[in-house]
Amino acid sequence: MVIRQLLIAVFMCLAGAAWGADATPVVRRVSLFSTSTDWAAVTGLPWGQYSGKIIGDKKLTTPNGLILYYLDGFPCYGEADSVRLWISPTGKVDGKLRLVCVHAPTVIQFAWRNAPADAVQKATTGILVCPVTGNRELTVDLGKCSRGKNWDSY
């Protein structure tokens, strides 16, 4: 008996809501997508490949050297085989930087850590922020980069 009364009450509420509703319901459409995967569509600009010349700086390194990983960020993402660089203790650069961008960047960021060239990939120490010059052939002078906070400082 209680279940029957409960079902009648629910039906009455639903029927009342239906009678009071607008004849034309408003349908809201929400479109969510990652802009990092579709910058060309968002900006209307075409993708282009950019290569980077890296000028090393021995002041950045330790006796082990320095590993840099390019951090994707608007307007570019890095091509998988060319986003890891190793800077020797003498400042020599091993690796290449190739980016896909909607326009030439003016600043790029690397995650960095002190490690030898053959070190396995693991947690990095912090961020290195570097100014970039050039149009299609980019130049990154590591001597002009600034170190951001270490991860544990955030």
Candidate pair K53 and L97, rule side-chain contact (heavy atoms from CB on, under 4.5 Å), full reasoning:
CA-CA 7 Å; K53 175 184 174 189; L97 182 64; over 6 Å; no
[Y] and [X], any side-chain heavy atoms less than 4.5 Å apart:
X: I55; Y: L142; answer: no
X: V100; Y: Y50; answer: no
X: K92; Y: K58; answer: no
X: K122; Y: R113; answer: yes
X: P105; Y: P75; answer: yes

So, for W86 and Y69, is the gap between ring centers shorter than 6.0 Å?
no
Would you please test L85 and F110 for side-chain contact (heavy atoms from CB on, under 4.5 Å) and show each step?
CA-CA 10 Å; L85 305 167; F110 294 99; 3.9 Å; yes
Calculate, to the nearest 0.5 Å, the distance between atoms [atom1] and [atom2] belonging to [X] and [Y] respectively.
X: L99; Y: S51; atom1: CG; atom2: OG; value: 9.0 Å
X: E79; Y: K96; atom1: CD; atom2: NZ; value: 9.0 Å
X: K144; Y: T139; atom1: NZ; atom2: OG1; value: 9.5 Å
X: N64; Y: I87; atom1: CG; atom2: CD1; value: 14.0 Å
X: L66; Y: W112; atom1: CG; atom2: CH2; value: 7.0 Å
X: I108; Y: D72; atom1: CD1; atom2: CG; value: 11.0 Å

May I ask whether V93 and I67 are part of the same hydrophobic cluster, defined by side-chain heavy atoms of I, L, V, M, F, W, Y residues being less than 4.5 angstrom apart, directly or through others?
no
Show your working on side-chain contact (heavy atoms from CB on, under 4.5 Å) between C76 and Y70 and close with a plain yes or no.
CA-CA 10 Å; C76 305; Y70 172 74; 3.4 Å; yes
Assess the residue pair V42 and F74 against the criterion (side-chain contact (heavy atoms from CB on, under 4.5 Å)); give the C-alpha distance rounded to whole Å, side-chain angles, the decisive distance to 0.1 Å, and a yes or no.
CA-CA 11 Å; V42 170; F74 186 80; over 6 Å; no
Where the side chain of N150 meets the backbone of D152, is there a donor-acceptor pair that is under 3.5 Å apart?
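Answer holds: no.
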Sequence neighbours left out, cut at 3.5 Å: what donor-acceptor pairs do the side chains of residues 124-134 make with other protein atoms?
| from | atom 1 | to | atom 2 | distance (Å) |
| --- | --- | --- | --- | --- |
| T124 | OG1 | W151 | NE1 | 2.9 |

Grab the two heavy atoms, one from P63 and one from P89, that are nearest each other, plus how far apart they are.
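That closest heavy-atom pairing would be O-CG, 3.2 Å.
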Which pair of heavy atoms, one from C145 and one from V140, lies closest together, and at what distance?
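So the two residues come closest at SG-CG1, 4.4 Å.
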Regarding D81 and R98, does a basic nitrogen lie under 4.0 Å from an acidic carboxylate oxygen?
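Looking at R98 together with D81, the answer is yes, because their closest N to O distance falls below 4.0 Å.
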